[in-house]
Novice: 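Provided herewith is a single structure, encoded as structure tokens, for subsequent inquiry.
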Amino acid sequence: MDDKKVGFIGLGKYLPENRLTNKELEKIVDTTDDWIVTRTGIKERRIARDDEATSDMAVRAAKNALQNANLEPKDIDLIIVATITPDMFFPATACIVQNKLGANHAPAFDISVACSGFLYGVAIASQFVKSGIYKHVLLIAAEKMSSVTDWKDRSTCVLMGDGAGAAILSEVKEGGILSVHLGADGSKGDLLCMPAGGSRIPASMTTVEARLHFLKMQGNELFKRAVKIMAEAAQKVTEPLGLKGSDISLVIPHQANKRILNAVAKRMGIDPEEKLYLNIEKYGNMSAASSAVALCEAVEEDRVKKGDLILLDAFGAGLTWGAVLIKW
Ligand code: UT7
């Protein structure tokens, strides 16, 4: 059992058609295209339609991954959806996806790990495959961040986007997941949260008026931690295997801010032009979906070759973080 290799046999994505550019945001809040590009690297983001919920995007990404893996929904043994913007509190979005896909015999559950959700999902899914409990696990990271974005708050509304990525984790003959590191620091949860709507502060007229159902973020506090923690997480999965940052073929990070990612690359001693995968320019920060979509696109664009060492590295609300080292 120990030498069973677990990897990705199919990847998929779905991005809503509607593009919201920085120029359009200039008309909504007091901001400029120049500020957003310089401070974040974002040029535009996708926004889901009003009638498009997280599960709808998740299903589209899942179908794409199933097709790429040459599998049918009935082949799926477990569905995990990583999201902080579920269709509703309950039932789980994964159950809604199970029904829409017709993957009837698959158990299904959500995980709420914000931007690190795809990496936590990879860790969970790979254990189920490695143990032999399940053969094919469908992992989806899907977010409708626009549904929790305060369009009056310029410090956050310029950052977020909607989208979904999916992966099927199964036994592979070569390569696979080499190492996983996960972490959390609940003491700093208030740096990025949605204060109301849960059991602590249930929804009421007052909470709506106080705009407490929107994402609140202390960006610069997170910025400092993100750089340090993502660089350390990378070390945690490379050093025990005798590897250095420079041994990595491609780093595919959570796309929160281009400046954060360039600083992480610097700490890792890698050339960002060559070894850092970025698509933040097109999509902004899609929370859990960012890493999943980035991995899918890196493969589509041929940035990932057989035998390459790929590092997924993420950080976000919780605080939570994770790193996953993969041999492709
Ligand atoms: O997803 C994982 C978790 N999230 C992150 O890791 C995000 C980490 N943080 C960031 O990416 C950055 O902190 C931000 C992009 C959010 C902000 O960049 P910053 O360089 O840290 O800016 P700041 O918050 O220190 O604000 C600098 C100035 C402020 O003005 P004053 O006080 O210096 O006059 C802000 O009011 O920029 C102002 N500002 C804006 N100006 C134009 C904030 N947002 C905007 C905006 N347009 N959209």
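All values reported here derive from a predicted model rather than from experimental measurement. We count ligands from 1, going down the list as the structure has it; atoms in each ligand are counted the same way.
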Novice: Consider every N or O of N285 and every N or O of ligand 1, then say whether any pair is closer than 3.5 Å.
Specialist: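 Between N285 and ligand 1 (N or O atoms, distance only) the closest approach is under 3.5 Å.
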
Novice: May I have the step-by-step check of salt bridge (charged side-chain N to carboxylate O under 4.0 Å, His left out) for E52 and K144, ending in yes or no?
Specialist: CA-CA 9 Å; E52 204 169 29; K144 188 173 177 177; over 6 Å; no

Novice: Could you list the atoms of ligand 1 found under 4.0 angstrom from a heavy atom of T31?
Specialist: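 Within the 4.0 Å cut-off of T31, ligand 1 contributes 42 (C), 46 (C), 47 (N), 48 (N).
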
Novice: Are E24 and K27 within salt-bridge range, i.e. N to O under 4.0 Å?
Specialist: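 Result for this pair is no, no salt bridge flagged.
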
Novice: Identify the closest protein heavy atom to atom 38 (C) of ligand 1: which residue and atom is it, and at what distance?
Specialist: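 Its nearest protein heavy-atom neighbour is R154 NH2, 3.6 Å.
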
Novice: Has ligand 1 got any nitrogen or oxygen that is less than 3.5 angstrom from a nitrogen or oxygen of A226?
Specialist: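 For ligand 1, there is no N or O atom that lies under 3.5 Å from one belonging to A226.
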
Novice: Within the supplied structure, the quantity of interest is the number of heavy atoms (other residues, nucleotides, ligands) at a distance under 6.0 Å from D271 CG; does it exceed 12?
Specialist: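 Counting neighbours around CG of D271, more than 12 heavy atoms of other residues, nucleotides or ligands fall under 6.0 Å, so yes.
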
Novice: Assess whether atom CZ of R60 is packed by more than 12 heavy atoms of other residues, nucleotides or ligands within 6.0 Å.
Specialist: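 For R60, atom CZ is not crowded (no more than 12 foreign heavy atoms under 6.0 Å).
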
Novice: Using heavy atoms and a 4.0 Å limit, tell me yes or no: is R225 in contact with ligand 1?
Specialist: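 Not so, R225 does not reach ligand 1.
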
Novice: Looking at E221 and K188, is any side-chain nitrogen of the basic one under 4.0 Å from a carboxylate oxygen of the acidic one?
Specialist: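 E221 and K188: not salt-bridged.
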
Novice: Heavy atom under 4.0 Å from ligand 1: found in L192's side chain, backbone, both, or neither?
Specialist: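 L192 to ligand 1: side-chain contact only, backbone stays beyond 4.0 Å.
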
Novice: Test of understanding: given a 4.0 Å heavy-atom threshold, classify the contact between T156 and ligand 1 as side chain, backbone, both, or neither.
Specialist: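 Looking at T156 and ligand 1, no heavy atom falls under 4.0 Å.
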
Novice: In the protein, what heavy atom is nearest to atom 22 (O) of ligand 1, and what distance, to one decimal place, separates them?
Specialist: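 Sorting protein heavy atoms by distance from atom 22 (O) of ligand 1 puts R39 NH1, 3.4 Å first.
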
Novice: Looking at atom 34 (O) of ligand 1, is any protein heavy atom nearer than 4.0 Å to it?
Specialist: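 No; the ligand atom in question lacks any protein heavy-atom contact below 4.0 Å.
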
Novice: To which protein heavy atom is atom 5 (C) of ligand 1 closest, and what is the distance rounded to 0.1 Å?
Specialist: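 I find the closest protein heavy atom is A256 CB, 4.0 Å.
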
Novice: Which other residues end up in the same hydrophobic cluster as V81, if Ile, Leu, Val, Met, Phe, Trp and Tyr are linked when side-chain heavy atoms come under 4.5 Å apart?
Specialist: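 Besides V81, the cluster holds I9, V59, L66, L71, I76, I79, V97, L101, L138, I140, I168, V172.
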
Novice: Going by the atom numbers of ligand 1, which of them fall below 4.0 Å from some non-hydrogen atom of I260?
Specialist: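 Close to I260: 6 (O), 8 (C).
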
Novice: Can you list the ligand 1 atoms lying under 4.0 Å from a non-hydrogen atom of R259?
Specialist: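 Every atom of ligand 1 under 4.0 Å from some heavy atom of R259: 18 (O), 19 (P), 20 (O).
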
Novice: Which residue and atom name correspond to the protein heavy atom nearest atom 8 (C) of ligand 1, and how close is it?
Specialist: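 Looking only at protein heavy atoms, the one closest to atom 8 (C) of ligand 1 is G219 O, 3.5 Å.
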
Novice: Looking at every non-hydrogen atom in both residues, tell me the closest pair between I36 and I42 and how far apart they are.
Specialist: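 Looking at all heavy atoms of both residues, the closest pair is CG2-O, 3.6 Å.
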
Novice: Quick one: look up the protein heavy atom nearest atom 7 (C) of ligand 1 and list residue, atom name and how far away it is.
Specialist: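 Here the nearest protein heavy atom works out to M217 CE, 3.9 Å.
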
Novice: Could K135 and D77 be called an ion pair, given the rule that one side-chain N must be under 4.0 Å from one carboxylate O?
Specialist: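 Not counted as a salt bridge, because no side-chain N and carboxylate O are separated by less than 4.0 Å.
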
Novice: Any luck finding a side-chain donor-acceptor pair between H213 and T207 under 3.5 Å?
Specialist: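 Yes, a side-chain donor-acceptor pair sits under 3.5 Å.
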
Novice: Using a 4.0 Å cut-off to any heavy atom of H254, which atoms of ligand 1 qualify?
Specialist: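 In order of number, 1 (O), 2 (C).
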
Novice: Looking only at protein heavy atoms, which one is nearest to atom 39 (N) of ligand 1, and what is the separation?
Specialist: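 Minimum-distance protein heavy atom for atom 39 (N) of ligand 1 reads W35 CZ2, 3.4 Å.
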
Novice: Which atom pairs, donor and acceptor, lie under 3.5 Å between side-chain atoms of residues 233-240 and protein residues at least two apart or in another chain?
Specialist:
unit_1	atom_1	unit_2	atom_2	d
T238	OG1	A234	O	2.8
T238	OG1	Q235	O	3.3

Novice: So, are D190 and K216 salt-bridged, with charged N and O less than 4.0 Å apart?
Specialist: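 Judged by the 4.0 Å cut-off on N to carboxylate O distance, D190 and K216 do not form a salt bridge.
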
Novice: So which heavy atom in the protein is nearest atom 2 (C) of ligand 1, and how far is it from that ligand atom?
Specialist: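 Result: F315 O, 3.3 Å.
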
Novice: For ligand 1, which atoms have a heavy atom of T40 less than 4.0 angstrom away?
Specialist: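 So the atoms of ligand 1 that pass are 15 (C).
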
Novice: Using a 4.0 Å cut-off to any heavy atom of V158, which atoms of ligand 1 qualify?
Specialist: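 Here the atoms of ligand 1 in question are 48 (N).
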
Novice: Distance below 4.0 Å between atom 31 (P) of ligand 1 and any protein heavy atom?
Specialist: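 There is no protein heavy atom less than 4.0 Å from atom 31 (P) of ligand 1.
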
Novice: Would T21 and E44 satisfy side-chain hydrogen bond (donor to acceptor under 3.5 Å, both in side chains), going step by step from the backbone distance to the final call?
Specialist: CA-CA 4 Å; T21 63; E44 60 180 37; over 6 Å; no

Novice: Just verifying a value: how many Å separate W151 CH2 and M160 CE, rounded to the nearest 0.5 Å?
Specialist: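 Rounded to the nearest 0.5 Å, the CH2-CE separation comes to 10.0 Å.
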
Novice: Should the ring pair W328 and F8 be called parallel, tilted or perpendicular, given that the plane angle runs from 0 to 90° and is split at 30 and 60?
Specialist: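 The rings of W328 and F8 lie parallel, inter-plane angle below 30°.
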
Novice: Please state which protein non-hydrogen atom is closest to atom 10 (C) of ligand 1 and give its distance, to 0.1 Å?
Specialist: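 Closest protein heavy atom to atom 10 (C) of ligand 1: N257 ND2, 3.5 Å.
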
Novice: Can you name the atoms of ligand 1, numbered from 1 with element, that are less than 4.0 Å from a heavy atom of C115?
Specialist: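 Under 4.0 Å from C115, ligand 1 has these atoms: 1 (O), 2 (C).
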
Novice: Which residue from L159, D30, N220 reaches closest to atom 24 (O) of ligand 1 through any of its heavy atoms?
Specialist: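 Answer by nearest heavy atom: N220.
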
